[in-house]
Protein chains: 2
Amino acid sequence: MEKRPLYEQVKETLLARLAGDYWRPGALLPSEPKLAGEFGVSQGTIRRALDDLVSQGLLARYQGRGTAVTEHTPFGFFHLFREDGTRELPESKTLRISVNPPSRAERDALELASGKKVIRIQRVRYLNLEPKIFETICISHDLFSGLAKMATRDLPNTVYNYYEQKFGVPIVGKRERLRAAAATQDEARYLHIEIGAPLLEIECIAYSHRSQPIEWRISRCLTDEHYYCNPPE
Amino acid sequence: MEKRPLYEQVKETLLARLAGDYWRPGALLPSEPKLAGEFGVSQGTIRRALDDLVSQGLLARYQGRGTAVTEHTPFGFFHLFREDGTRELPESKTLRISVNPPSRAERDALELASGKKVIRIQRVRYLNLEPKIFETICISHDLFSGLAKMATRDLPNTVYNYYEQKFGVPIVGKRERLRAAAATQDEARYLHIEIGAPLLEIECIAYSHRSQPIEWRISRCLTDEHYYCNPPE
DNA sequence: CAGTGGTCTAGACCACGGA
DNA sequence: CCGTGGTCTAGACCACTGG
């Protein structure tokens, strides 16, 4: 017998469906009684699972209509807003993809065994057509070896979906740490700012099931016209 | 009849008790059945209210023991951690307290009627004995007029409690926005850094019941040895 | 109107902590 | 052992949405 709570097991199954194509973004899920029947649990247990997924930002509930898969940015992408409170979908341009032995910090963040390599991806992201974010992504080469040979042109804008669809690795959680930092020479060039200009650094580790770290990401953001907000307002 | 949900009403009452001295920090609350009896609602409704307060960080549950009032920093103060993950209680030194007509931003943030004045407080906060945060607090003069005449020496380190105890204004929620910013001349002097050095700016509006904004606070933090994390790990 | 989620109840059993 | 919170059930009524 499984000894974890029922609602956790329900959550895990729903999470897998959400990460895959089982339900399209924006689609309505079956009603709570239907899900309760399908999983053989009570409606209360389904509610508990759905509530957790709502608070993770994966689902949204609408009284009288149903429960829907969140549109766009399945796992609440960046929490950057314009000063007027509106949101934008960031476009991105990939600069380089490389395979390297991990730095100490990278090995720690991804909990890699020694000798394992990592894939490093550098991107510039655009908000309102202006370069605002310089981003470095680090993932295990073992898990994503196929990605290392891709052309920088072909890397999709939003990679969490991609991890799931192509590599079977769903992202179900993240942990963020924020700091202020000074722009490096590289960042200054790509973001059209002075060296040393203040940037908001978002360090994010994304997790799969069972808290396994999958991706380490450093995003350095120009916040002259945007702010970070968590949770989204 | 009151039309708001029962658990919201329960929350509001518990919140008022928590802000006051009804229960000491660290003390155990009455058990769920006891509270249910006292409020005349079911245990499930009490659970819902307690769960919300736990997720706000005001309470902590311990299976087999009970539900306790969180120790220290009643409404999770700053979410600044040292790089090793530990937390510190920031000390503070108040620089000035002044009464002014509000700026446009201040009037908007506090939803003040025109003609009202504000109290502005500037502080330097210390982490590990080093000046790390330059803070500007802005509150309504009407609500806190007694505070304007205080000596800077007498302002307590943690003011949320103070608002409640001396002025009957409990803080029950907050909304934060983060940016990177360059140190001004003032900030550079007090934080012992260069002008233009990157600082993490935390803009925080603190709310009382019914979402009434009470305090607008700008904290500019040196994050050379700390990071911001929400929710606390 | 029927169906959805939102709230609320009453009661069951379990896992844990402390006496 | 008892009392605590943690999980789960079954069913009630309400508020809102859509046709």
Side-chain angles (χ1 to χ4, degrees), chain A residues 1-15 17-18 22-71 210-211 231, chain B residues 1-15 17-18 22-71 209-211:
Chain A
M1 271 302 283
E2 179 72 81
K3 39 200 332 210
R4 293 160 57 230
L6 281 180
Y7 67 83
E8 288 288 352
Q9 302 174 40
V10 171
K11 256 170 67 179
E12 189 159 323
T13 303
L14 294 177
L15 229 19
R17 293 186 184 176
L18 287 169
Y22 195 95
W23 293 308
R24 286 167 307 288
L28 288 177
L29 268 62
S31 71
E32 294 175 359
K34 297 249 183 63
L35 288 171
E38 180 193 339
F39 284 93
V41 300
S42 79
Q43 185 174 352
T45 301
I46 293 293
R47 283 191 73 81
R48 170 70 191 264
L50 293 180
D51 282 343
D52 283 8
L53 296 175
V54 166
S55 74
Q56 278 186 38
L58 288 162
L59 299 177
R61 325 191 71 152
Y62 304 98
Q63 184 171 133
R65 279 209 292 136
T67 303
V69 182
T70 308
E71 301 258 21
R210 324 277 177 172
S211 297
Chain B
M1 271 302 285
E2 180 73 81
K3 42 206 318 215
R4 294 161 55 230
L6 281 180
Y7 67 83
E8 288 288 354
Q9 302 173 42
V10 172
K11 257 170 67 179
E12 187 158 325
T13 303
L14 294 178
L15 230 19
R17 294 186 185 176
L18 287 169
Y22 196 94
W23 293 307
R24 286 167 306 288
L28 288 177
L29 269 61
S31 70
E32 293 175 358
K34 298 250 184 62
L35 288 171
E38 181 193 338
F39 284 93
V41 300
S42 78
Q43 186 173 351
T45 301
I46 293 292
R47 284 191 72 82
R48 170 70 191 263
L50 293 180
D51 282 342
D52 283 9
L53 296 176
V54 166
S55 74
Q56 277 185 39
L58 288 163
L59 299 178
R61 325 192 71 153
Y62 303 97
Q63 184 172 127
R65 280 210 294 138
T67 303
V69 182
T70 307
E71 303 258 19
H209 296 313
R210 324 277 179 171
S211 297

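Letters go in sequence order (proteins before strands), and every chain restarts at 1.
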Participant: Would you check if F39(B) and T13(B) make a side-chain contact, meaning some heavy-atom pair closer than 4.5 Å?
Facilitator: yes
Participant: What is the distance from CG of L50(A) to P of dG5(C), rounded to the nearest Å?
Facilitator: 8 Å
Participant: With heavy-atom distances below 4.5 Å as the criterion, would you say the side chains of D51(B) and R61(B) are in contact?
Facilitator: yes
Participant: What are the two closest heavy atoms between V10(A) and A49(A), and how far apart are they?
Facilitator: CG1-CB, 3.7 Å
Participant: Categorize R48(A) for me: base, sugar-phosphate, or nothing, with a 4.0 angstrom heavy-atom threshold over every strand shown.
Facilitator: sugar-phosphate
Participant: Looking at L28(A) and A68(A), what are the two nearest heavy atoms and their distance?
Facilitator: CD2-CB, 3.8 Å
Participant: Given that G64(A) and R61(A) both sit by DNA chain C, which one's nearest nucleotide is further toward the 5' end?
Facilitator: G64(A)
Participant: State the NZ-CG distance between K11(B) and L58(B), to the nearest 0.5 angstrom.
Facilitator: 10.0 Å
Participant: Roughly, in whole Å, what's the span from CZ in R65(B) to P in dG18(C)?
Facilitator: 6 Å
Participant: Which is more 5' along DNA chain D, the nucleotide nearest P33(B) or the one nearest I46(A)? Just name the residue.
Facilitator: P33(B)
Participant: Rounded to whole Å, how long is the line connecting atom CG of L6(A) with atom P of dC14(C)?
Facilitator: 14 Å
Participant: Would you grab the first and last nucleotide of DNA chain D (5' to 3') that comes under 4.0 Å of any non-hydrogen atom in chain B?
Facilitator: dG3(D) to dT7(D)
Participant: Measure the shortest side-chain to side-chain distance between R24(B) and V69(B) over non-hydrogen atoms and say whether it is less than 4.5 angstrom.
Facilitator: no
Participant: Identify, between G44(A) and S31(B), the residue whose nearest nucleotide on DNA chain D lies closer to the 5' end.
Facilitator: S31(B)
